[in-house]
Amino acid sequence: MALETKSLWKSHGGMQGVYTHASEACACPMTFAVFVPPHEEGQKLPVLWYLSGLTCTHANVMEKGEYRKAAAEHGLIIVCPDTSPRGEAVPDVPDDWKLGCGAGFYVDATEEPWSRHYRMYTYVTEELPALVAHHFPLADMTRQGIFGHSMGGHGALVAALRNPGRYRSCSAFAPIVNPMDAAWSRGAFTAYLGPEEAAWRAYDATALIADGHRAPALLVDQGTADSFLDDGLRPWRLAEACGAAGIDLTLRMQDGYDHSYYFISSFMPHHLRWHRERLGA
């Protein structure tokens with residue numbers, strides 16, 4: 001449970017920190033960011049997890065996501081994990097941005113050489129929450145929400161569907177909703193989970209819904225000018241799955257927006273307000 005503070009900055013009356021620790025799940029040091037909004041002494045605050053997309057670290061949303069003003073206004077702790085294990089001993093494919101470091105896909109790998117380090121599902125749903133609860137006693141772990149972008153949107157949907165009693169709210173920016181059948185995720189799923197696609201269903205939102213998993217109301221924003229829309233994201237598949245299952249999905253197609261943080265930061269305030277309404281006072 002040891003934690004090292006790498007940096008602290010005051011922002012919008014709160015504190016933005018970056019921390020590292022030795023992760024048992026990933027068998028390497030891991031870095032994450034936490035924004036604690038201004039608060040009264042002894043106050044307990046809801047926790048909102050943000051999962052980033054391919055090639056990102058904790059720093060991308062921290063530096064470009066523009067969440068601190070709204071998080072301070074709504075009294076939300078924002079936790080931003082890394083997207084994969086990293087380090088000299090960690091397997092990687094440097095010339096493939098869709099596999100290895102920066103591309104953990106929030107799964108627990110079962111195949112060599114990935115299985116020792118690439119256990120990001122366990123890391124973000126079990127190990128890191130326990131660490132945050134221990135070191136940030138103002139975090140109300142009974143009021144958690146989760147959201148993310150692209151690969152991180154996939155991770156958020158999967159975590160919410162597999163843990164319906166844990167997360168009161170879930171949203172996503174341009175998520176990979178059906179990674180089993182998406183060109184840019186099938187390679188990673190094969191490498192991490194093996195060739196048997198039945199094992200992939202535990203990490204595919206549309207498959208999980210078809211298999212009976214449920215989550216609270218979902219919010220998804222998707223840009224119409226996103227170059228990955230047709231071959232990687234395909235939000236209409238999530239809409240079809242939610243419609244068949246009776247899950248309340250709000251899918252907003254945002255005209256002219258692409259896949260970048262210009263898109264994410266434009267709708268970040270709405271997502272934080274949406275989560276705050278569901279996480280309660």
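All values below come from the heavy atoms of this structure, side chains included, with hydrogens, waters and symmetry mates left out. Computed from a prediction, not measured in an experiment: that's the story for all the values here.
- R234 places a side-chain N or O within donor-acceptor distance of the main-chain N or O of D181, the cut-off being under 3.5 Å.
- Atom CZ of F228 is separated from atom NE2 of H259 by 5.5 Å, given to the nearest 0.5 angstrom.
- The structure places CG of L218 at 8.5 Å from OG1 of T250, a figure rounded to the nearest 0.5 Å.
- The hydrophobic clustering, which links ILVMFWY residues whose side-chain heavy atoms are closer than 4.5 Å, places W274 and Y67 apart.
- Taking the side chain as every heavy atom from C-beta outward, L279 and S169 approach each other to under 4.5 Å.
- Within a 6.0 Å sphere centred on CG of D231, heavy atoms belonging to other residues, nucleotides or ligands number more than 12.
- Other residues, nucleotides and ligands contribute at most 12 non-hydrogen atoms within 6.0 Å of the CD atom of E24.
- The shortest distance between side-chain heavy atoms of W200 and V107 does not fall below 4.5 Å.
- Across all non-hydrogen atoms, the minimal contact from P81 to Y50 is CD-O, 3.1 Å.
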### Query
Where do V90 and R86 land on the side-chain contact (heavy atoms from CB on, under 4.5 Å) test, with the steps shown first?
CA-CA 6 Å; V90 175; R86 299 178 192 272; 5.5 Å; no
### Query
Could you go step by step and tell me if T57 and S52 meet the side-chain contact (heavy atoms from CB on, under 4.5 Å) rule?
CA-CA 7 Å; T57 70; S52 290; over 6 Å; no
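- To the nearest 0.5 Å, the span separating CG on L272 from CZ on F147 amounts to 5.0 Å.
- Ring pair F267/Y257 is perpendicular by interplanar angle, where above 60° counts as perpendicular and below 30° as parallel.
- For the pair Y19 and L131, the minimum side-chain heavy-atom distance is 4.5 Å or more.
- Within the cation-pi definition used here (under 6.0 Å to the ring centroid, within 45° of the axis), R162 qualifies as a partner of Y203.
- In terms of the salt bridge (Lys or Arg N to Asp or Glu O under 4.0 Å) criterion, E66 has no residue partners (sequence neighbours excluded).
- Contact detail for Y167 and V124: the closest heavy-atom pair is OH-O, 4.3 Å.
- The two residues A191 and W114 have their closest heavy-atom pair at O-CD1, 3.3 Å.
- Few gaps surround NZ on K44; more than 12 heavy atoms of other groups in view lie less than 6.0 Å from it.
- Between I77 atom CD1 and M15 atom CE the span is 13.5 Å, to the nearest 0.5 Å.
- With a 4.5 Å cut-off on side-chain heavy atoms, C80 and M62 do not count as touching.
- Note: F263 and F173 have perpendicular aromatic rings, judged against thresholds of 30 and 60 degrees for the angle between ring planes.
- One hydrophobic cluster, built from ILVMFWY side chains closer than 4.5 Å, cannot hold both L54 and Y262; they sit in different ones.
- Put simply, the side chain of T20 does not reach to within 4.5 Å of the side chain of P29, judged on heavy atoms.
- Heavy-atom minimum distance, P91 versus C101: O-SG, 4.2 Å.
- Residues S185 and K98 are not in side-chain contact: their nearest non-hydrogen atoms beyond the backbone lie 4.5 Å or more apart.
- Within the structure, every pair that satisfies the salt bridge (charged side-chain N to carboxylate O under 4.0 Å, His left out) test and touches residues 194-204, not counting sequence neighbours, is listed here: R186-E197, R201-D211.
- To the nearest 0.5 Å, the span separating CG on L45 from CD on E40 amounts to 10.0 Å.
- Checked against the 6.0 Å centroid criterion, the rings of H21 and Y123 qualify as a close aromatic pair.
- Closest heavy-atom contact between G148 and A156: N-CB, 4.0 Å.
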### Evaluation steps, side chain to side chain donor-acceptor pair (under 3.5 Å), between H58 and T31
CA-CA 7 Å; H58 68 282; T31 301; 5.3 Å; no
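- The shortest non-hydrogen separation linking G232 to A182 is O-CB, 3.6 Å.
- Judged by distance alone, the side chain of R276 and the main-chain N or O of H74 form a donor-acceptor pair under 3.5 Å.
- Relative ring orientation between Y192 and Y118 is described as parallel, the plane-to-plane angle staying below 30° on a 0-90° scale split at 30° and 60°.
- Side chains of F136 and V47 form no contact here, defined as non-hydrogen atoms less than 4.5 Å apart.
- With sequence neighbours left out, A245 forms a side-chain contact (heavy atoms from CB on, under 4.5 Å) with I209, R214, I247.
- Contact of the T83 side chain with the N60 side chain is not registered, since no non-hydrogen atoms from C-beta on lie closer than 4.5 Å.
- Judged by distance alone, the side chain of S150 and the main-chain N or O of P175 form no donor-acceptor pair under 3.5 Å.
- The hydrophobic clustering, which links ILVMFWY residues whose side-chain heavy atoms are closer than 4.5 Å, places L219 and L238 apart.
- Judged by distance alone, the side chain of R278 and the main-chain N or O of A217 form no donor-acceptor pair under 3.5 Å.
- A distance of 8.0 Å separates NE2 of H213 from CG of L161, quoted to the nearest 0.5 Å.
- By the neighbour-count criterion of 12 heavy atoms within 6.0 Å, atom CD of E277 is densely surrounded, having more than that number from other residues, nucleotides or ligands.
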### Task
Report the C-alpha distance between H270 and R252 in whole Å, list the side-chain angles of each, state the deciding distance to 0.1 Å, and finish with yes or no for side-chain contact (heavy atoms from CB on, under 4.5 Å).
CA-CA 12 Å; H270 180 88; R252 307 190 307 178; 3.4 Å; yes
